[in-house]
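A quick write-up on the structure given underneath.
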Amino acid sequence: MLLTPHDRLFVLTGAGISAESGLATFRGSGGLWDGHRVEEVATPEAWEINPALVWRFYSQRRRDALDARPNAAHFALAQIEQRLMQESGNFYLCTQNVDDLHERAGSHRLHHMHGSLFESRCVRCEQPFPDRAFHEDADCLPRCGICGSHVRPHIVWFGEMPLDMDAIYRELNLATVLLVVGTSGSVYPAAGLVHLARARNIRTVYVGPEEPQNADAFSEIVLGPATQVLPSLFS
Ligand code: APR
């Protein structure tokens, strides 16, 4: 994929980019939700009914992410960011993933639209703070040090609004190329970004082993695992 100095790259990643680091995707076979139904662990309703189960689930995900290492695809995106930031500053990475593998690969201009696994927030104060603890004891769930309210994972659950959509739309408006990696194109509003891009004549490229559900909206589809495609995509 040749990028000219006038190009501005917007990258959207999904669970597929972390699959080769050993983190299960959501909807693939062996997917993360297989043992747990989505409604049991990743909705505000689940939190109301059983916060201990929700915390057990996200504590396990923290363990899995801590054990994982960034792969060649994460590093390729960090490298293209470094190049474009030096040349023109025309780069933005938006991820649906809550793991920290992009950061650990060296990405900086990064937005976690669905929240972060290693942050929590008080349900009343709403201010996110770093939290790498495992909250697995149902009798000792975390409480806010200031107001005593429950502390929840800083994750965007089903039915909640992704974080800072305004910034995402602003960046997409400036882009000339939208590169989407490893997402099934089934969860909105993330899956709708490609339609917005197409309406603005932005070049839209998908990378992944199979076509996403919103395949029709892409101008190009490169089939293959992210670690095989991304390292040579920009050369
Ligand atoms: N390289 C690239 N893509 C891959 C790879 C790989 N090695 N392996 C699998 N994929 C692709 C699959 O083909 C699939 O299309 O990754 C995609 C994963 O899709 P999902 O499991 O649906 O994950 P994602 O699209 O990120 O889910 C979106 O849904 O559950 C919510 O908030 C959660 O952020 C998540 C959102």
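Counting starts at 1 for both ligands and their atoms, following the listed order.
- Only the side chain of Val187 comes within contact range of ligand 1, with a heavy atom under 4.0 Å; no backbone atom does.
- You'll find the side chain of Tyr58 stays beyond 4.5 Å of the side chain of Val98, heavy atoms only.
- Paired with Glu136 under the rule salt bridge (Lys or Arg N to Asp or Glu O under 4.0 Å), one option of Arg61, Arg63, Arg56 passes, and it is Arg63.
- Those atoms of ligand 1 with a heavy atom of Glu210 less than 4.0 angstrom away are 12 (C), 13 (O), 14 (C), 15 (O).
- Ligand 1 has no nitrogen or oxygen under 3.5 angstrom from a nitrogen or oxygen of Val181.
- If you check each of Tyr206, Trp157, Phe26 against atom 33 (C) of ligand 1, the one with the closest non-hydrogen atom is Phe26.
- The aromatic rings of His150 and Trp47 sit perpendicular, their planes meeting at an angle over 60°, well past the 30° parallel limit.
- No cation-pi contact links Arg62 to Phe134, judged by a cut-off of 6.0 Å to the six-membered ring centre and 45° from its axis.
- If you check each of Ser21, Gly115, Gly182 against atom 17 (C) of ligand 1, the one with the closest non-hydrogen atom is Gly182.
- Summarising the geometry of Trp157 relative to Val54, their closest heavy-atom pair is CZ2-CG1, 3.7 Å, with the distance given to 0.1 Å.
- For ligand 1, the polar-atom distance check against Ser186 finds no nitrogen or oxygen pair separated by under 3.5 Å.
- Both Ile17 and Leu233 are assigned to one and the same hydrophobic cluster, defined by single-linkage of ILVMFWY side chains at heavy-atom distances under 4.5 Å.
- Among Pro209, Ala226, Ala24, Ala15, the residue whose heavy atom lies nearest to atom 3 (N) of ligand 1 is Pro209.
- The side-chain hydrogen bond (donor to acceptor under 3.5 Å, both in side chains) with Glu103 is formed by just one residue from the set His108, His112, His74; it is His112.
- Listed by number with element, the atoms of ligand 1 under 4.0 Å from a non-hydrogen atom of Phe158 are 30 (O), 31 (C).
- Contact annotation for Gln96 and ligand 1: heavy atoms of both the backbone and the side chain come within less than 4.0 Å of the ligand.
- Atoms of ligand 1 lying under 4.0 Å from any heavy atom of Glu20, numbered from 1 in the order shown and given with element: 1 (N), 6 (C), 7 (N).
- Considering only non-hydrogen atoms, atom 16 (O) of ligand 1 lies nearest to Gly16 out of Pro225, Gly16, Gly185, Gly14.
- In this pair, Tyr92 and Phe10 present their aromatic rings tilted. The plane angle is within the 30 to 60° band.
- Considering backbone and side-chain N/O of Ala19, none are found under 3.5 Å from N/O of ligand 1.
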